[in-house]
Structures are given as structure tokens and as C-alpha cells.
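Fair warning: this is a prediction, and the values are worked out from it, not measured in the lab. What's counted below: heavy atoms across the whole structure, side chains too, no hydrogens, waters or symmetry copies.
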Amino acid sequence: MKKLKKTYPTALREEAVKLVLTQGLSIEQAAAGVSIPNGTLANWVAAARRGPSEVTPPGSRTVAELEAENARLRKELAAMLALIEI
């Protein structure tokens, strides 16, 4: 059976890390407060302490990729609208 990776909203992640780094809560206290596993929060805190990453997270796309997709979708929409008008 394949285990699914749980994703959390960015706002939750930021808030949980703030609880540890700025408010001084332990990882265990903060994790319990926002209902996430201790290990997950520990990883987030470690990443925050290392600073911004050059690597984009999995599933993230660059602005150029998003602009290209947007252009492609606009063309597809224009073609579909042209078919409907016939």
C-alpha cells in the first residue's frame, strides 16, 4: 500500500514555525497546538533556520512556466469559442 504524502497550507506552516522561532515554544508544544507531527514541524523549523532555498519545492512552477501555460490555455479557449460561434 502506497503512503500518501500529506500537504499543509503555507499559512499553517509559517504560523507553526513562528511559534517555535519567535514565541519560544518547543517543537512539541507548537506541533500539538497546530495538530501536526513533531517531525514535520522539526523539518520546517530546520529549513527556516537554514534560510531560503534555491531549490523550488516539488509541484512548484516558475513564472515562465505559468505564463506559457496561461498562453496555451488562452489559445485553447479562443479555439473553443471559435467553434461555438460557427
Side-chain angles (χ1 to χ4, degrees):
M1 178 180 249
K2 190 174 184 180
K3 186 175 181 180
L4 297 176
K5 183 176 181 181
K6 178 143 178 153
T7 57
Y8 297 94
T10 303
L12 173 71
R13 182 179 181 144
E14 291 171 354
E15 184 61 31
V17 170
K18 272 189 210 177
L19 291 172
V20 175
L21 297 181
T22 62
Q23 294 185 15
L25 270 62
S26 70
I27 288 176
E28 293 78 14
Q29 291 170 323
V34 294
S35 301
I36 60 172
N38 293 346
T40 300
L41 181 53
N43 290 337
W44 295 349
V45 170
R49 287 182 174 144
R50 283 192 303 268
S53 174
E54 293 291 325
V55 178
T56 58
S60 294
R61 295 184 286 174
T62 65
V63 172
E65 291 170 327
L66 293 171
E67 287 174 342
E69 181 183 19
N70 193 3
R72 180 185 58 80
L73 291 171
R74 285 177 190 260
K75 286 179 186 176
E76 285 181 23
L77 177 60
M80 294 302 249
L81 290 173
L83 287 175
I84 292 172
E85 291 178 2
I86 294 175

If I compare all heavy atoms of Leu41 with all of Ala31, which pair ends up nearest, and what's the gap? CD2-N, 3.5 Å
Roughly how far apart are Leu77 CG and Leu81 CG, rounded to 0.5 Å? 4.5 Å
Return the minimal non-hydrogen interatomic distance between Leu12 and Val34, and the atom names on each side. CD1-CB, 3.8 Å
Glu69: which residues meet the side chain to side chain donor-acceptor pair (under 3.5 Å) condition with it, sequence neighbours left out? Arg61
Within the 4.5 Å heavy-atom criterion, are Trp44 and Val20 side-chain neighbours or not? no
Around Arg72, counting heavy atoms of other residues, nucleotides and ligands shown, do more than 12 lie under 6.0 Å from its CZ? yes
What's the separation between atom CZ in Arg13 and atom OG1 in Thr7, rounded to the nearest 0.5 Å? 11.0 Å
Please round to the nearest 0.5 Å and tell me the distance separating atom CG of Asn38 and atom CD of Gln29. 10.5 Å
Looking only at non-hydrogen atoms, find the nearest pair between Ala48 and Val17 and report the distance. CB-CG1, 3.7 Å
So does Lys18 pair up with Glu14, basic N to acidic O under 4.0 Å? no
Please list all pairs meeting ring pair (Phe, Tyr, Trp, His ring centres under 6.0 Å) that have one or both residues in residues 9-32, counting only residues at least two apart or in different chains. none
So how far is it from Leu19 CG to Ile27 CD1, rounded to the nearest 0.5 Å? 11.5 Å
